Undergrad: 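Quick one: structure below, then a few questions.
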Amino acid sequence: MKQTERFNKPECLDVMTWAGKWGDSLEKTVSARFTELTGVPVRHHTNIGLRLPEPLHDALRTRQRPPYDVVWSNAVPAVAMAESGCCQLFDEDDMPSLAELYQRARPAGFADRLVFPYSVHYVLVYLKSAVEAGALKSWNVLMDKKHAGKIAIYPNGKGFYPIAQVLGGGNMEGIPENMQPCWDYLAEFRPRIAVLDYSIGMESLFRTGRINLCFRALPNAVGFIEAGLDVGWTVPVEGTSDTTDALWIPQHVPEERTYWARQYIDIALSASVQAEWCNRLGVLPANRKAAASAIFDRPGFPRNMDDTAGFLYVPDHVIWRHEARWETIFEQLPSAGR
């Protein structure tokens with residue numbers, strides 16, 4: 001921390017986090033380093049899923065102090081908060097790490113109040129005993145009859161739309177204006193899906209053989225292997241898509257705590273912490289000085305966060321504007337139970 005501390009230290013800093021490998025990584029890298037440097041303990045508040053919790057919405061709506069000083073969330077709800085004036089401005093003097101980031105980490109129109117600390121790529125996770133290695137070259141393995149009813153993806157089809165667009169015979173230039181190939185493919189694919197859920201509990205589904213294939217974020221795929229599951233993961237030849245998460249400070253956090261919240265985010269973005277945190281997770285770091293994990297040294301992955309030509313990239317602003325509509329269309333498609 002380069003400047004003199006301007007506010008007394010709080011008894012702790014409240015940070016909204018996720019469960020499992022995600023929360024564990026944040027606690028052991030970012031939060032531990034923050035406490036080491038500042039002497040301020042961190043209290044972690046777990047949120048399951050991508051929707052922001054109601055206590056946060058309630059506090060912002062009533063202009064009360066939020067339950068969290070720092071929010072770690074998916075980028076889409078974070079942008080919605082920024083657009084509605086619910087995110088505090090950053091102070092670049094308090095946050096020197098902001099100057100070290102890839103361009104994509106500072107979202108256009110929101111760079112003064114949001115930051116994307118990494119990008120996350122999706123992979124195909126497979127149960128080794130149920131899938132022949134040769135069948136994994138293409139995402140078309142999802143249409144193999146023997147896997148029908150044994151596939152898991154995210155709720156509302158999140159993240160899978162670019163892949164479906166390509167598998168349906170379309171191209172990335174058709175997103176978002178010409179996505180009929182995507183919807184045609186998903187209309188055929190959705191009845192084959194057994195599970196639309198996040199990753200908590202997915203391990204038991206693999207262990208019991210209820211699923212053979214799973215579209216999942218790379219950190220979760222790595223977590224499954226670390227947990228001892230007999231699974232592997234791959235990026236099929238058509239390529240894969242990605243997502244981003246955000247760090248931000250809600251409005252109505254008191255000024256003396258906002259200062260420490262900025263310090264927390266700045267430490268999360270520093271090169272040394274980025275290298276450890278992003279390597280532990282399996283994501284591409286936002287800091288240009290932080291080396292990417294060797295896990296990205298394979299076809300189908302970009303080389304850094306600004307390398308948007310290296311995969312099935314949908315511009316971030318397109319996802320922000322259209323994802324809710326895509327999810328609605330997905331939910332209207334016939335499923336196996338209809």
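Sequential numbering from 1 along the given sequence is applied to the chain's residues. It should be emphasised that the depicted structure is a prediction, and the values quoted were computed from it without experimental measurement.
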Undergrad: Does anything in residues 214-241 form a salt bridge (charged side-chain N to carboxylate O under 4.0 Å, His left out)? List the pairs, not counting sequence neighbours.
TA: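 Only Lys21-Glu226 qualify under salt bridge (charged side-chain N to carboxylate O under 4.0 Å, His left out).
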Undergrad: Taking only residues at least two apart or on different chains, which pairs with a member in residues 25-67 satisfy ring pair (Phe, Tyr, Trp, His ring centres under 6.0 Å)?
TA: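 Every pair satisfying ring pair (Phe, Tyr, Trp, His ring centres under 6.0 Å) with a residue in residues 25-67: Phe34-Tyr264, His45-Tyr68.
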Undergrad: Tell me every residue that passes side-chain contact (heavy atoms from CB on, under 4.5 Å) with Pro107, counting only those two or more places apart in sequence or in another chain.
TA: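 Expected list: Phe110, Leu114, Phe116, Trp320.
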Undergrad: Should side-chain heavy atoms under 4.5 Å link Ile, Leu, Val, Met, Phe, Trp and Tyr, which residues sit in the same cluster as Tyr313?
TA: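 Noted: Tyr313 shares its cluster with Phe311.
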Undergrad: Flag the pair Arg262 and Asp266 as a salt bridge only when some basic side-chain nitrogen lies within less than 4.0 angstrom of an acidic carboxylate oxygen.
TA: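 No, Arg262 and Asp266 are not salt-bridged.
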Undergrad: Among residues at least two apart in sequence or on other chains, which ones pass side chain to side chain donor-acceptor pair (under 3.5 Å) with Trp22?
TA: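 Applying side chain to side chain donor-acceptor pair (under 3.5 Å) to Trp22 gives Asn220.
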Undergrad: Using the side chain to side chain donor-acceptor pair (under 3.5 Å) criterion, which residues pair with Arg303? Sequence neighbours excluded.
TA: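 Partners of Arg303 under the side chain to side chain donor-acceptor pair (under 3.5 Å) test: Asp297.
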Undergrad: Would the number of heavy atoms belonging to other residues, nucleotides or ligands and lying under 6.0 Å from CZ of Arg325 be above 12?
TA: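 Correct, the count exceeds 12.
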Undergrad: Which residues pass the side chain to side chain donor-acceptor pair (under 3.5 Å) test with Asp144, sequence neighbours left out?
TA: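 Checked Asp144 against side chain to side chain donor-acceptor pair (under 3.5 Å); zero matches.
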Undergrad: Can you confirm whether Thr258 sits close enough to Phe90 that some side-chain heavy atom of one is under 4.5 Å from a side-chain heavy atom of the other?
TA: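 Thr258 vs Phe90: side chains apart.
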Undergrad: Which residue pairs pass the side-chain hydrogen bond (donor to acceptor under 3.5 Å, both in side chains) test when at least one of the two sits in residues 270-279, sequence neighbours left out?
TA: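 Checked against side-chain hydrogen bond (donor to acceptor under 3.5 Å, both in side chains) - neighbours excluded - no pair reaches residues 270-279.
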Undergrad: Under 3.5 Å, side chain of Ser204 to main-chain N/O of Gly201, donor-acceptor pair present?
TA: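 Side chain of Ser204 to backbone of Gly201, a donor-acceptor pair under 3.5 Å: yes, one is there.
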Undergrad: CE of Met305 to OG1 of Thr244: how many Å apart, nearest 0.5 Å?
TA: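 It comes to 6.5 Å.
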Undergrad: Which pairs pass salt bridge (charged side-chain N to carboxylate O under 4.0 Å, His left out) with one or both residues in residues 101-125, sequence neighbours excluded?
TA: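 Matches after skipping sequence neighbours: Glu92-Arg106, Arg104-Asp242, Arg104-Asp316.
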Undergrad: Taking salt bridge (charged side-chain N to carboxylate O under 4.0 Å, His left out) as the test, write out the residues that go with Lys146, two or more places apart.
TA: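 Not a single residue meets the salt bridge (charged side-chain N to carboxylate O under 4.0 Å, His left out) criterion with Lys146.
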Undergrad: Are the ring centres of Phe160 and Phe330 closer than 6.0 Å?
TA: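 They do not qualify: ring centres at least 6.0 Å apart.
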Undergrad: Given side chains that start at C-beta, do those of Asn156 and Glu331 come closer than 4.5 Å, heavy atoms only?
TA: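 Asn156 reaches Glu331 side chain to side chain.
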Undergrad: The criterion is side-chain contact (heavy atoms from CB on, under 4.5 Å); which residues satisfy it with Ala19, sequence neighbours excluded?
TA: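 side-chain contact (heavy atoms from CB on, under 4.5 Å) list for Ala19, sorted by chain: Thr46, Ile48, Ile200.
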Undergrad: Side chains of Glu100 and Asn287: is there a donor and an acceptor less than 3.5 Å apart?
TA: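 On atom types as modelled, these side chains qualify, holding a pair under 3.5 Å.
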Undergrad: Less than 4.5 Å apart, side chain to side chain, heavy atoms only: is that true for Ile151 and Asn212?
TA: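 Ile151 does not reach Asn212 side chain to side chain.
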Undergrad: Measuring from atom OG of Ser293 to atom CZ of Phe301, what distance do you get when rounded to the nearest 0.5 angstrom?
TA: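 Reported value, rounded in 0.5 Å steps: 9.5 Å.
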Undergrad: Return yes when atom CD of Glu54 has more than 12 non-hydrogen atoms of other residues, nucleotides or ligands closer than 6.0 Å, and no otherwise.
TA: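 More than 12 within 6.0 Å, yes.
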Undergrad: Applying salt bridge (charged side-chain N to carboxylate O under 4.0 Å, His left out), which residue pairs with at least one partner in residues 155-173 are found, sequence neighbours left out?
TA: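 For residues 155-173: Lys158-Glu323.
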Undergrad: Do the rings of Tyr198 and Tyr154 sit parallel, tilted or perpendicular, given the 30° and 60° boundaries?
TA: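 Tyr198 and Tyr154: tilted rings.
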Undergrad: Measure the shortest side-chain to side-chain distance between Gln251 and Arg63 over non-hydrogen atoms and say whether it is less than 4.5 angstrom.
TA: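 No, every pair of side-chain atoms sits at 4.5 Å or beyond.
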Undergrad: Hey, is CD on Glu83 packed in by over 12 heavy atoms from elsewhere, all under 6.0 Å?
TA: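 Yes, the 6.0 Å shell around CD holds more than 12 heavy atoms from other groups.
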